[in-house]
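As structure tokens, the structure follows; a few thoughts come after it.
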2 protein chains.
Amino acid sequence: MRDETAIISYVNKFVKLSPPEAEALLSAFQKVVVKKRQSIIQPDFPAPYRYYVLEGAMRAYVAAENGQEHTISFAIEDWWITDYNSYLYQQPATMFVTALEDTIALRLSHVKEQELKAQNPKFETFFRIIAERGLAYQQRRIIINLTKTAEARYGDFLDKYPLLAQRVPQYTLASFLGMTTEYLSKLRKRMGSKKT
Amino acid sequence: MRDETAIISYVNKFVKLSPPEAEALLSAFQKVVVKKRQSIIQPDFPAPYRYYVLEGAMRAYVAAENGQEHTISFAIEDWWITDYNSYLYQQPATMFVTALEDTIALRLSHVKEQELKAQNPKFETFFRIIAERGLAYQQRRIIINLTKTAEARYGDFLDKYPLLAQRVPQYTLASFLGMTTEYLSKLRKRMGSKKT
DNA sequence: AAAACAGGTTAATCTAGTTCAATAAAAATT
DNA sequence: AATTTTTATTGAACTAGATTAACCTGTTTT
């Protein structure tokens, strides 16, 4: 069982915190327990928090008119998740963020985040770094989506996130990769031996 | 003719700079003139700079084996452009960044950027803000790519960037939107009256 | 232990978007 | 102003991937 100090080690990978700084950071977060299938962010409501996953798995998705779901992101241990357009600009969300497993997360409110950054430039640096990492990650994802076939996207995901691929329901993975469940099922059969 | 002080007004929209701070900022940039079709970033070479466009237009794209080009981003006046995975992590680029028109830009080296941020937390704040804006923008783009048809993506782009849509070659727009030039041409004919 | 639900597979049919190839129209270069 | 290069259009043939619908399996819930 990981406790909330996991986030201290995590932040320390990017900026070195003194014990009082670590304490200040920790006190800005609240621990939340989310049962499988429960949503912590819903369309039309603002998303006042960003979430750091301590244990478990979540996903962010948008629901289309016809009932289709499109997974925008996953988050497991040490990953962050929220609807960034809602959180950063404090506007109504367009996404759901829902637990794929029973999950324990630390949430940080938008207000507390501003306080942290105002209080200590190290926190400003930290949030700058994770925003840049997110930016670079998403640019890679956009490139993959524009350039690769469904089969190549799946193969690529398997290479990069073999454990995650086994951990999340296949229909969420298909919708993350931009294809239907049925087609992913066909691909898996066709690829058979080559990949796990 | 916009001169380099344009970037001062731009940064001032996010963080308020005193005259000496503005001076410090400006001195970190170098003005560069890029002729149409000239590349400032190429695959396999690191991208030591990020670019702020003063005048003109550029695009970032990846070239596939078969000769296809996939446009990752555009930049016109007041926009930034670079290969973020190369610039942020100082690794070899995978993209080209090339001028679509004769362009004047201000470039900031990775080294200078670190100096600015170390020197003054306001700059740290500024780069945090533009990274977050980029993140939110890219999350919107990923949603559009996953959820909309080619026709809807084009309509959407026309609504949001009507001037840009007329300014860049259509094949670059098609490749940005994730479709072939031929298909975009067909869409335009089909949509005819509805949209400009 | 039956019923209900969530997740996954299979196969037939269909279509949005690609490919290929030729042509046309603009724009840049001589 | 003629030639070359770049950009855009058109149509026919094709295919990666979607849709529909039925079925299967394991897991919760009653």
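Predicted, not measured: the structure shown is a model, and the values here were computed from it. Letters A, B, ... are given to chains in the order of the sequence lines, protein chains preceding strands, and every chain is numbered from 1.
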| query | So, the side chain of A:T5 versus the backbone of A:I8: is there a donor-acceptor pair under 3.5 Å, distance only? | reply | no
Side-chain donor-acceptor pair present, [X], [Y], cut-off under 3.5 Å:
| X | Y | answer |
| --- | --- | --- |
| B:N85 | A:Y137 | no |
| B:T71 | B:T172 | no |
| B:S86 | B:Q91 | no |
| B:E69 | B:S175 | no |
| B:Q170 | B:R188 | yes |

Could you state the [atom1]-[atom2] distance from [X] to [N], rounded to the nearest angstrom?
| X | N | atom1 | atom2 | result |
| --- | --- | --- | --- | --- |
| A:L146 | D:dA16 | CG | P | 19 Å |
| A:K189 | C:dG8 | NZ | C1' | 13 Å |
| A:N66 | D:dT20 | CG | C1' | 13 Å |
| A:E101 | C:dA6 | CD | P | 17 Å |
| A:Y154 | C:dG8 | OH | C1' | 12 Å |
| A:E69 | D:dA18 | CD | P | 16 Å |
| A:K148 | D:dA16 | NZ | P | 18 Å |

| Which letter, B, S or -, goes with each nucleotide of nucleotides 24-30 of chain C from 5' to 3', with contact meaning a protein heavy atom under 4.0 Å? | ----S--
| said: Among D:dT7, D:dT10, D:dG17, which nucleotide has an atom closest to any side-chain atom of B:K186? | reply: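 Among the listed nucleotides, the one closest to the side chain of B:K186 is D:dT10.
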| field | Residue B:Q68, side-chain atoms from C-beta onward, closest of C:dG17, D:dT19, C:dT19 | value |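 The listed nucleotide nearest to B:Q68's side chain is C:dT19.
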| remark: the helix from C:dA1-D:dT30 to C:dT30-D:dA1: angle between terminal helix axes, five bp per end, to the nearest 10 degrees, reads 50°
| request: Kindly state whether the ring of B:Y161 and the ring of B:F74 have centres lying under 6.0 angstrom apart. | output: no
| task | For A:Y84, check ring pair (Phe, Tyr, Trp, His ring centres under 6.0 Å) against everything at least two apart and list the hits. | result | none
| salt bridge (charged side-chain N to carboxylate O under 4.0 Å, His left out): pairs with one or both residues in residues 34-48 of chain B, sequence neighbours excluded |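 Found B:K35-B:D102.
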| query | So does B:R128 pair up with B:E132, basic N to acidic O under 4.0 Å? | reply |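 The answer is yes: the pair qualifies as a salt bridge.
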| remark: Across all chains, not counting sequence neighbours, the side-chain hydrogen bond (donor to acceptor under 3.5 Å, both in side chains) partners of A:T147 are none
| Among residues 170-185 of chain B, which contact DNA chain D at a heavy-atom distance under 4.0 Å? | B:Q170, B:Y171, B:E182, B:S185
